[in-house]
**Student:** 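The structure under discussion is supplied below as structure tokens; questions concerning it will follow.
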Amino acid sequence: MVDSRRCPNPRVVVTRELPDATMNRLEALFDTVNNRADLAMSREQLAAAMADCDVLVPTVVDSIDADLIAGAGERLKLIANFGAGVNHIDLKAARARGIIVTNTPGVLTEDTADMTMALIVSVPRRLAAGEKLVRSGEWKGWSPGGMLGHRIGGKALGIVGMGRIGQAVARRARAFGLSIHYHNRHRLPKVVEAELQAQWHPNLDEMLGAIDILTIHTPLNADSADMIDAARIALLRPHVYLINASRGGIVDEDAMIDALEAGRLAGAGLDVWTHEPRIDPRLLALPNVVMTPHMGSATFEGRLATGEKVIANIRMWADGHRPPDQVLEGWA
Ligand SMILES: NC(=O)C1=CN([C@@H]2O[C@H](COP(=O)(O)OP(=O)(O)OC[C@H]3O[C@@H](n4cnc5c(N)ncnc54)[C@H](O)[C@@H]3O)[C@@H](O)[C@H]2O)C=CC1
Ligand SMILES: O=C(O)C(=O)CO
């Protein structure tokens, strides 16, 4: 019997240059059209691609909105995202059109947690300012009062979003001597809480008043957009550092900058931005902010593993099965 859900030789459009090994495997396995350019597709190019393929492989910078999905060809049945976050894809519109969306969770967890931990250490210890001083040639040598920052050991870390990356950050932070507080949609199992020695705060506002460093790890979704707004920033004590390696839109960037400028926040470590790649120029003038260009997951190893996940999802779907990383609306 022929399984009507199978798609033996899917036409796959990849929106942007991926690692060579991933591209080569995609080409060997499927009827693949690669945009071999390291530039995001224009909206027109995306619309044209979506008009005539079975599978679209976008990256996290392609905005796949409801209009594009509505205009997609009948044959488009799978959007196999190259990346964990899916806030750039309208999941509701995809479901309405019967299009499955998959992502690549897990393979980016440790790298992103490493980068987050680097920011957690760098901001209080003024790593960027120290590096700038050395490069300037102005450094006059060690002095008892030179380049003083704040110790992170013994401080309270508040993690918002205690999923894969949040938990991986907690593990690292324990090793640095931080105590762990978290707010998450769901409480973790007791055994995981015990392993991480993490204290759950069902009330985010209450947690914000009790921590020294705040780090954000929820996906960007309807509930988390601007979750850290001016009112919540006002709940943070002025010595608090804010770290964001999840998505810019979770923090009200203007409110955060106002607080940094006014000394109501001690500093920030930012890997993600509201309007990437545009950086608000006011941030560039602030010495207590460490900024990285959305590179939390940027390792060679991670990119290859991400490619493998994309391929596994397409293969499973093409064989008529539910792909392992199907994103369910309401979960992301
Ligand atoms: N900077 C970078 O390069 C990278 C950033 N990311 C970002 O990190 C995000 C998290 O990734 P994972 O940890 O793998 O996801 P995950 O799905 O394992 O964990 C997310 C957690 O957030 C919780 N959550 C969701 N919405 C919430 C809300 N409104 N309030 C409270 N908790 C909420 C969920 O219950 C879950 O426990 C991704 O969605 C992506 O946006 C991911 C990879 C790399
Ligand atoms: O995968 C993601 O969500 C990213 O932000 C880039 O790796």
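Counting convention: from 1, in listed order, for ligands and their atoms alike. In this text the structure is predicted, and so the values were computed from the model without any measurement.
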**Student:** State whether the number of non-hydrogen atoms from other residues, nucleotides or ligands found under 6.0 Å of Arg97 atom CZ is greater than 12.
**Tutor:**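 Check passes, neighbour count above 12.
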**Student:** For ligand 1, note which part of Arg185 has a heavy atom under 4.0 Å away: side chain, backbone, both or neither.
**Tutor:**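 Contact part for Arg185 vs ligand 1: both backbone and side chain.
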**Student:** Relative to the heavy atoms of Ala245, which atoms of ligand 1 are at a distance of less than 4.0 Å?
**Tutor:**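 Counting atoms of ligand 1 from 1, those under 4.0 Å from Ala245 are 1 (N), 2 (C), 4 (C), 5 (C).
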**Student:** List every atom of ligand 1 that sits less than 4.0 Å from any heavy atom of Ser246, numbering the atoms from 1 in the order shown and giving each element.
**Tutor:**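 In order of numbering, the contacting atoms are 5 (C), 7 (C), 8 (O), 9 (C), 41 (O).
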**Student:** Between His183 and Asp205 (side chain of the first, backbone of the second, donor and acceptor by atom type, cut-off under 3.5 Å), is there such a pair?
**Tutor:**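 Pair absent, no side-chain N/O of His183 close to backbone of Asp205.
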**Student:** Using a 4.0 angstrom limit on heavy atoms, which residues are close to ligand 2?
**Tutor:**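 These residues qualify: Val60, Gly83, Ala84, Gly85, Leu108, Arg247, His294, Ser297.
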**Student:** Would you give me the side-chain donor-acceptor pairs under 3.5 Å for residues 137-145, sequence neighbours excluded?
**Tutor:**
residue : atom : partner : partner atom : Å
Trp139  : NE1  : Gly141  : O            : 3.4
Lys140  : NZ   : Glu138  : O            : 3.1
Ser143  : OG   : Gly146  : N            : 3.1

**Student:** Heavy atom under 4.0 Å from ligand 1: found in His217's side chain, backbone, both, or neither?
**Tutor:**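 Contact part for His217 vs ligand 1: backbone (N, CA, C, O).
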**Student:** With side chain to side chain contact (heavy atoms under 4.5 Å, CB included) as the test, would you mind laying out the steps for Met256 and Ile228 before giving the verdict?
**Tutor:** CA-CA 9 Å; Met256 176 189 69; Ile228 306 300; over 6 Å; no
**Student:** Report the C-alpha distance between Tyr182 and Glu193 in whole Å, list the side-chain angles of each, state the deciding distance to 0.1 Å, and finish with yes or no for side chain to side chain donor-acceptor pair (under 3.5 Å).
**Tutor:** CA-CA 10 Å; Tyr182 78 96; Glu193 269 187 4; 2.6 Å; yes
**Student:** Which of the listed options, Asn87, Thr112, Ile159, Leu270, holds the heavy atom that is closest to atom 43 (C) of ligand 1?
**Tutor:**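 Going through Asn87, Thr112, Ile159, Leu270 one by one, Thr112 has the nearest heavy atom to atom 43 (C) of ligand 1.
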**Student:** Using a 4.0 Å heavy-atom cut-off, say whether Ile165 meets ligand 1 through its side chain, its backbone, both or neither.
**Tutor:**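 Both backbone and side chain of Ile165 come within 4.0 Å of ligand 1.
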**Student:** Counting only heavy atoms, which portion of Asn221 has something under 4.0 Å from ligand 1: side chain, backbone, both, or neither?
**Tutor:**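 The side chain, only.
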**Student:** Counting only nitrogen or oxygen atoms and a 3.5 angstrom limit, does Asp223 reach ligand 1?
**Tutor:**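 Min N/O separation from ligand 1 is not below 3.5 Å for Asp223.
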**Student:** Less than 3.5 Å apart, any donor N or O on the side chain of Asp111 or Ser297 sitting next to an acceptor on the other?
**Tutor:**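 Not at all, the side chains of Asp111 and Ser297 share no donor-acceptor pair under 3.5 Å.
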**Student:** Does a side chain donor of either His88 or Asp62 reach within less than 3.5 Å of an acceptor in the other side chain?
**Tutor:**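 No, no side-chain donor-acceptor pair sits under 3.5 Å.
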